[in-house]
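Read the numbers this way: they start at 1 and go in the same order the structure lists the ligands and their atoms.
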Amino acid sequence: MCGIVGYVGAQPAAPLLLEGLGRLEHRGYDSAGVAAVSGSGLRVHKSAGRVRDLTGTLPKRFAGKVGIGHTRWATHGPASDVNAHPHTDATGRVAVVHNGIIDNAAALRRRLSDDGVDLVSDTDTEVFAHLVGRSAADTLEARVVEALEAVEGTYGLAVVHADFPDRIVVARNGSPLLVGVGEKEMFVASDLAALVRHTTTVAHLDDGELATLTATGFTTFRSDLTRTATEAHEVDIDPAAYSLGLDGEDGAPRMYVEMLEQPAATERVLRGRLDEKFGTAHLGGLNLDARETRAVRRVKILGCGSAYYVGQMGASLIEELARIPADAEAASEFRYRNPVIEPDTLYVAVSQSGETIDTLLAVEEIRRKGGRVVGLVNVVGSAIARACDGGIYLHAGPEIAVASTKALTTMYVGFALLALQLGRVRDLSIADGRRLVAGLRELPAQIEEILKGEDHLAEVAAGLAEAESLFFIGRVRGFPVAREGAQKFKEISYRHAEAYQTSELKHGPLALISPEVPTVALVPDDELTDRNVAALHEIAARGGPLVVVTHPGVDLGDLTARRIDVPRSERELDPILLTIPLQVLAFHAARVLGHDVDKPRNLAKSVTVE
Ligand code: AGP
């Protein structure tokens, strides 16, 4: 969703801001803009459309070594030049960029209009620019604080003012902001990706915190203007990993590059965490000792979208291996049902970005009520990672494509490691533990093998792409796989794809089966294979085309079906191997249909507003 960058230093700000915005493109946006201040005043350049268009039209003389930039994902008002950020006040001397939502914007707009202020955009952000512009306090910091006192909602925001041309003032409440420390220059951004080319020395602001950036340093403070002790630290990331833009080196879409990275990402999430001797996993970052681990009576997993579906796969793993009741719930619903928080429940928040607002707010709700939350998070130092009591990083590397692939695979492996650790302090035998450890070691090569079957998968996908509507079906362990398969398919192909339990088909959806509605069925070799195959016959009898994702040797009898075999694994690990071909199917279907797989319509990579 929306992205923020800011620069103060000795170089012209605009080119650096535009470069930073380019690195935030993957978050999803519909318009962009920059503003810079200098002795001669404030300049703003913004428009609907791509960052590259903005760069192409930047006026030659766009002076200023202090500036802010923004990519906007529309919430209040459509994508248009006038609604793009930065927004300015009536005098044209204040500019603001803002992520989040100002809840009382309508009331503030009315109040400003009654005072004779001419509001030019539909946005909530513009009111903030006017509020800062109308303040008569001595310093920019005090003016921003005064404006914030009138505002309710969430924000990560940055303000420049022509009367204070040496600084940027930023504030955070619910939307991430990071300050990057350079050599006699300072940066601010909503995402590490925008900073890493310049610095890996970074300070994460906390909610309720503000900061002033000048060329020589930064100071942090609270709204009573008292200083806080937030410091910058080196982040342990490889800047080269962020060097790719939206396309891979050879122009391949990022989603494709990231799918192919899955074997390596799986090796990374396993590295140093498996213990062959005792058939267990070591996850020191959970901050749970053996006694606390044994005291866990229930596991509740929270995530959104695909992270939620992988959470369902994770819940099955935990129940099967650790024999602890476990379930997953959409984080976006959790806090609205006034959940009972139990002291002996282990809450697990799962997120690639570590920024998803619903997951973050669920974590905060649990912690407020005294629960313990651990995170399975990819982005190091992200808001969710920092809000949890402990957790494990997924080491998937930067994931840029909106459709998540490698991060989900590492989430699944993370759950397998967690299940092993929980299981081995309970009743999971050492033999079973070792069996799983060996199975996990095999995964990277097995994923590689599936990806090598791309040509066959592409051919099957071309057939599926012709259908307006399709089903993904599975049972028990296979059902969350079906949900993820349908999600990936609709996300990038824009086809209607519905996931259903195979066992439930007869209770309604069978009525929709026809030669025009294909079904992708998950039929692993397990105790339900025969029943699954029987259900496929019912679909075939009604003319429904079938694609069956299964194991070598599974007998489909005389069914007419396109068959996709995945390698046999330990059966608890089947779900992740069944998921990989569904990613490839979705990717190729979207390509056949001519869609931009990396930037699906209406979607953002990180959903940072409710
Ligand atoms: C996955 O393909 C989707 N883009 C989406 O459902 C995503 O998984 C969800 O928004 C959660 O994101 P997170 O993992 O960054 O929290």
Yes or no: does [X] have any heavy atom under 4.0 Å from an atom of ligand 1?
X	result
S606	no
V402	yes
K488	yes

How many angstroms lie between CG in L360 and CD in E355, if you round to the nearest 0.5 Å?
-> 9.5 Å
Best match, Q487, E399, Q352, M255: closest heavy atom to atom 5 (C) of ligand 1 |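 Going through Q487, E399, Q352, M255 one by one, Q487 has the nearest heavy atom to atom 5 (C) of ligand 1.
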Of T356, V379, T405, the one whose closest heavy atom lies nearest atom 16 (O) of ligand 1 is T356
Can an N or O of S353 be found at a distance shorter than 3.5 Å from an N or O of ligand 1?
->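 Such a contact does occur with ligand 1.
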Close side-chain approach of [X] to [Y], heavy-atom, < 4.5 Å:
X	Y	answer
H85	H98	yes
L157	V170	no
L546	R562	no

Of the non-hydrogen atoms in T230 and A203, which two are nearest, and what is the gap between them?
->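 Here T230 and A203 meet closest at CG2-CB, 4.2 Å.
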Any donor-acceptor N or O pair under 3.5 Å, side chains S404, E399 =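 Yes, E399 and S404 have a side-chain donor paired with an acceptor closer than 3.5 Å.
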Atoms in ligand 1 with a heavy atom of [X] nearer than 4.0 Å:
X	answer
G305	6 (O)
A307	8 (O), 14 (O)
S404	1 (C), 2 (O)
A403	2 (O)

Which residue and non-hydrogen atom of the protein lie closest to [atom], and at what distance in Å?
atom	value
atom 1 (C) of ligand 1	S306 OG, 3.2 Å
atom 9 (C) of ligand 1	C304 O, 3.4 Å
atom 4 (N) of ligand 1	E491 OE2, 2.6 Å
atom 10 (O) of ligand 1	V607 CG2, 4.3 Å

Walk me through it: do E267 and H395 pass the test side chain to side chain donor-acceptor pair (under 3.5 Å)?
-> CA-CA 9 Å; E267 268 167 20; H395 302 300; over 6 Å; no
Relative to F472, does R483 satisfy both conditions: NZ or CZ under 6.0 angstrom from the six-membered ring centre, and within 45 degrees of the ring's axis?
->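 Pair R483/F472 does not count as cation-pi.
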State whether the number of non-hydrogen atoms from other residues, nucleotides or ligands found under 6.0 Å of E342 atom CD is greater than 12.
->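 Above 12, so yes.
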